[in-house]
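As structure tokens, the structure follows; a few thoughts come after it.
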Amino acid sequence: MRLIFIGPPGSGKGTQAKRLAARYGDPHIATGDMLREAVADDTALGREAAPIMASGALVPDDLMIGIIKDRLAKPDAQRGFILDGFPRTVVQAEKLDTIVDSGPHGPGNGSDPLRVLQLLVPDDVLVKRTVLRRSCPECGAIYHLESAPPQKDMVCDRDGAALIHRPDDNEESVRKRLEAFHRQTLPVATYYKAKGIVREVDGVGPLDEVFERIEKSLA
Ligand code: ADP
């Protein structure tokens with residue numbers, strides 16, 4: 001499938017996008033994860049992105065478009081993809097249209113139509129979720145200290161790595177990310193709604209229930 005996930009920070013889009021990718025065998029392409037990897041590897045991109053991300057602002061469009069263009073050109077993305085975190089601005093969405101409409105993703109080559117899934121979660125729930133979120137730096141598993149804690153104190157259930165708290169998951173930066181979401185990313189949902197390809201899903205509730213709603217909405 002060719003799917004774009006839109007959801008505010010802490011809406012669970014990363015967790016749900018990973019599950020969908022595992023279920024359907026399409027690559028999960030998460031720009032936030034790609035940027036965090038660049039930061040961890042201390043690349044030129046990582047050094048440029050780190051302070052922007054920590055503040056809760058968005059990384060410049062031209063950088064992000066370059067990254068996604070390269071990623072979508074890789075062999076594993078030719079049949080389908082689940083995009084998580086891109087596009088986050090209307091400029092990115094317009095550019096993605098030209099990438100997807102040309103080349104192997106273009107119409108008439110048997111690919112699934114592009115679809116958009118929008119997870120709806122109210123702001124007050126989001127701040128609480130992100131501040132209590134922890135993740136595994138090794139495998140990317142996501143935990144929540146209240147609703148989905150690790151079995152052993154602060155280490156990953158899968159590989160035992162010490163869990164980390166993302167530097168941008170503090171209240172100030174979460175509020176800034178929410179503001180960026182409302183101002184820059186909700187217009188992306190409107191852009192796709194005009195094309196009639198958006199399914200909205202209620203993102204409040206246990207992860208399994210939300211996943212069921214997502215699967216139903218895509219069936
Ligand atoms: P969340 O959805 O929880 O905010 P992500 O992991 O998707 O987290 O993104 C983390 C940060 O990475 C964003 O706050 C932003 O700074 C940067 N980022 C990720 N994707 C994009 C994008 N498409 N455009 C601009 N910045 C991005």
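The first residue in the sequence is number 1, and the count goes up from there. Whatever order the structure lists ligands and atoms in, that order sets their numbers, starting from 1. Atom set for the values below is all heavy atoms of this structure, side chains included, hydrogens, waters and symmetry mates excluded.
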Handout entry: Carboxylate-amine/guanidinium contact K176 E172, below 4.0 Å
Key = no
Problem - Note, E94 side chain near T89 side chain (heavy atom, < 4.5 Å) - result: no
Completion exercise
Sorted by chain and residue number, the residues having a heavy atom closer than 4.0 Å to an atom of ligand 1 are P9, G10, K13, T31, G32, L35, R36, M53, A57, L58, V59, M64, G85, F86, R88, Q92, R133, R166, D168, R177
Exercise for the section: Please test R71 against D76 for salt bridge (charged side-chain N to carboxylate O under 4.0 Å, His left out), starting from the C-alpha separation and ending with a verdict. Expected result: CA-CA 9 Å; R71 183 62 188 87; D76 68 334; 2.8 Å; yes
Problem - Contact check, side chains of D97 and Y191, non-hydrogen atoms, under 4.5 Å - result: yes
Exercise for the section: Flag the pair R166 and D168 as a salt bridge only when some basic side-chain nitrogen lies within less than 4.0 angstrom of an acidic carboxylate oxygen. Expected result: yes
Exercise for the section: Begin with the C-alpha distance, continue with both residues' side-chain angles, and end with the deciding distance and a verdict on side chain to side chain donor-acceptor pair (under 3.5 Å) for Y24 and E215. Expected result: CA-CA 11 Å; Y24 293 95; E215 285 212 292; 3.3 Å; yes
